[in-house]
Number of protein chains: 2
Amino acid sequence: MDARVGTKMLDSCTILARPDDEERFPTSVCTDCAVRRDSLCGTLTDAELSRLHRLGRRRRLRRGEAFAWAGEESRGCANVLSGILKVSALTADGREQIVGLLYPSDFVGQPFVGSFEFTVTALGDAEICTFRKSDFEGFLSTRNGMTQALLCRTFDTLSDARRRMLLLGRQSASERIADFLLQTFERIGGCSASSNGPVTFDLPLSRGAIADVLGLTIETVSRQMTKLKVAGVIALPGGRAVTILKRDALRRMTDAA
Amino acid sequence: MDARVGTKMLDSCTILARPDDEERFPTSVCTDCAVRRDSLCGTLTDAELSRLHRLGRRRRLRRGEAFAWAGEESRGCANVLSGILKVSALTADGREQIVGLLYPSDFVGQPFVGSFEFTVTALGDAEICTFRKSDFEGFLSTRNGMTQALLCRTFDTLSDARRRMLLLGRQSASERIADFLLQTFERIGGCSASSNGPVTFDLPLSRGAIADVLGLTIETVSRQMTKLKVAGVIALPGGRAVTILKRDALRRMTDAA
DNA sequence: CGGAGAATTGACCTGATTCAAGAACTGTGG
DNA sequence: CCACAGTTCTTGAATCAGGTCAATTCTCCG
């Protein structure tokens, strides 16, 4: 990954990082960033982006590696480039609840806020574009537009968390599973949303992680999946693959009476 | 639309004449606003405040009255002046989960975001200071500082929601109750935090509302309270009053092994 | 005092967890 | 390519925390 333009044609984004910038940050180039358009950076003009670019570093995370630990002074922000990260909360005796999932183009971190009480970990190998918190804050301070964009994202994240609170507090295991399958499909399966035809995709989470998202146990997740399989609503071709056979049936189960 | 009631108060105190929900308050000026310091407005200079003041209206909400409905286009923002509001999510068949509580000085609404999927209702009589969303957005757009302040508040709200996700997904009924009692005391009981001495205060929520916050049923809430009473951890003098007798015992139950 | 809503209490039931055993993958090295 | 070890996933049986249903009992007010 270097600064050559044009490998990936992202419309008009033709900033040329100056050679000395390339040297100093050889692995951090925005022009061919896969999430340029969808990330928070999407709000920036090319000139602004090139300023921000100087503050960022790319970083690889191996499966299981943490980007932030609950309780520690948070010192960084980041955009997710590839892979999926989990944001999780833990009780003193080790029970875990995943309180958020971060997909490519999502933003992590809380500029202007001191502490971050959650742990952020890569579920599989991942790449992120990190900023020192103070740098990022400085940058934000001069761009109301970007602050606004981050505010909007945060509102969305909040709504998502609240929707999940309803799920955790009031929905049955089967409703939770149905919801999870649909949500995950919409997020990663792309929008081959078209009709109701069967769709197959790989779940990006292990059964254990799904349980931690849904506030269930591994066994319950597994049983509910088999139940759906037996009912002919989904198929489980093996591994982490799922085929949604009757999408409308799933949708009906989401909020059932 | 808004009939001007021209009793000249300080500067341009324009207030809606609809007597029912939008009343005129002789003290309806920011200068003697009870939550001036703690609310989002606390970030403003006097000059800015006086500009914002022209955009706001005070409004009384009677117990049970809604400020926003899930699904409807959100058209307002507000600061809570007095009383407590709930933010709640509902399933199709009527199960309810309270996903947030709003106390005086809290901000409600999502500027720059179209839809709001939750219902906001006054738990008891309440007063709020409302703004038309577009007005508020306009105001925010010219003040990066205030946008930042709102961003911080939103991060805090998000952290709170996530903490509650852990509670809903992974904690037992007794842990939930212990947590709720302590949190509520800290929020309303003021910080007579001092020692571990017994403290008495009124719960601002009915048993039913507590159940909807904690993802439990009324009966379970009631049973857990009696259990705590029998154990000598709290006393229930009657009505909605609670006395915390052994605060450290409660604290230990919060996250127990 | 009396009546309505709120809270408590009891008896029973059920959905999800727990504990325990196998089966199916995944990757590694021979 | 296969064997093997370490996971992860599935399935079964027993248990239990919390929910449901059904009475009372409080509390608040007119």
Side-chain angles (χ1 to χ4, degrees), chain A residues 62-64 86 91 93-97 123-125 167-181 202-231 234-242 253 256-257, chain B residues 62-64 91 93-97 123-125 167-181 202-231 234-243 253 256-257:
Chain A
R62 249 174 291 280
R63 137 187 259 265
K86 68 176 178 183
T91 60
D93 59 325
R95 284 166 286 172
E96 175 172 1
Q97 176 65 48
L123 283 171
D125 292 349
L167 189 141
L168 293 171
R170 294 297 188 207
Q171 296 190 217
S172 69
S174 55
E175 289 170 324
R176 298 184 201 199
I177 295 287
D179 193 279
F180 176 80
L181 288 174
D202 273 340
L203 291 174
L205 280 67
S206 70
R207 293 289 187 269
I210 296 174
D212 287 336
V213 168
L214 299 179
L216 300 169
T217 57
I218 289 187
E219 294 94 325
T220 302
V221 171
S222 186
R223 275 186 255 269
Q224 291 296 334
M225 299 280 258
T226 14
K227 208 158 112 190
L228 288 177
K229 186 179 70 179
V230 170
I234 63 172
L236 297 169
R240 289 188 181 169
V242 194
M253 300 179 57
Chain B
R62 252 175 290 280
R63 137 186 259 265
T91 60
D93 59 324
R95 284 165 286 172
E96 176 173 1
Q97 176 65 48
L123 282 171
D125 292 349
L167 188 140
L168 293 171
R170 293 299 187 206
Q171 297 190 217
S172 69
S174 55
E175 289 170 326
R176 297 184 201 200
I177 294 288
D179 193 279
F180 176 80
L181 288 175
D202 272 340
L203 292 173
L205 279 68
S206 70
R207 293 290 188 269
I210 296 175
D212 286 337
V213 168
L214 299 180
L216 299 169
T217 59
I218 291 185
E219 294 94 324
T220 302
V221 171
S222 188
R223 274 187 256 270
Q224 293 295 335
M225 300 278 259
T226 349
K227 209 157 113 189
L228 288 177
K229 186 179 70 179
V230 170
I234 62 172
L236 298 169
R240 288 187 182 172
V242 195
T243 306
M253 300 178 58

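All chains are named by letter (A, B, ...) in the order of the sequence lines, taking the proteins before the strands, and each is independently numbered beginning at 1.
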Exercise. Keeping the roles fixed (side chain from A:Arg223, backbone from A:Ile218), state whether a donor-acceptor pair exists under 3.5 Å.
Key: no
* May I ask you to say what A:Ser222 touches in the nucleic acid, namely base, sugar-phosphate or nothing, with a heavy-atom cut-off under 4.0 Å? => base
A:Gln224 CD to D:dT10 C1', in whole Å, measures 14 Å
From CD of A:Glu219 across to C1' of D:dT11 the rounded distance in Å is 10 Å
When rounded to whole Å, the CG to P distance for the pair B:Leu236 and D:dC26 reads 14 Å
Q.
Applying side chain to side chain contact (heavy atoms under 4.5 Å, CB included) to B:Phe180 and B:Leu205, what does each step give before you reach the verdict?
A. CA-CA 11 Å; B:Phe180 176 80; B:Leu205 279 68; 4.2 Å; yes
DNA chain C nearest-nucleotide lookup for A:Gly238 and A:Ala173: closer to the 5′ end is A:Ala173
Result for side-chain contact (heavy atoms from CB on, under 4.5 Å) between B:Gln224 and one of B:Thr220, B:Thr226, B:Val221 points to B:Thr220
- Any side-chain heavy-atom pair of A:Leu203 and A:Met225 under 4.5 Å: yes
note: A:Asp212, atom CG; D:dT8, atom C1'; distance rounded to Å ~ 14 Å
Students often get this wrong, so: under 4.0 angstrom with heavy atoms, is A:Ile218 touching a base, only sugar-phosphate, or nothing? base
Looking only at heavy atoms, the pair that brings A:Gly215 and A:Arg176 closest together is O-NH1, 3.5 Å
B:Leu214 atom CG is separated from D:dG19 atom P, nearest whole Å, by 11 Å
Scanning both residues in full, the closest heavy-atom pair of B:Leu123 with B:Ala209 reads CD2-CB, 4.4 Å
Practice task
Using a 4.5 Å cut-off on heavy atoms from C-beta on, say whether the side chain of B:Ser206 contacts that of B:Arg240.
Solution key: yes
Counted 5' to 3', the first and last nucleotides of DNA chain C within 4.0 Å (strictly under) of a heavy-atom of chain A are C:dA16 to C:dC19
Separation of D:dT27 atom C1' from B:Arg207 atom CZ, nearest Å, is 12 Å
Between NZ of A:Lys229 and P of D:dT10 the distance, given in whole Å, is 7 Å
From CG of B:Leu168 across to C1' of D:dG18 the rounded distance in Å is 15 Å
Taking for A:Gly239 and for B:Val221 the nucleotide of DNA chain D with the nearest heavy atom, the one nearer the 5' end belongs to A:Gly239
Task: N or O in side chain of B:Thr217 less than 4.0 angstrom from D:dT20 OP1/OP2 - done: no
### Query
Can you find an N or O donor on one side and an acceptor on the other, under 3.5 Å apart, linking the side chain of A:Arg223 with the base of D:dG12?
yes
When A:Pro237 and A:Thr220 are each assigned the nearest nucleotide of DNA chain C, the 5'-most assignment goes to A:Thr220
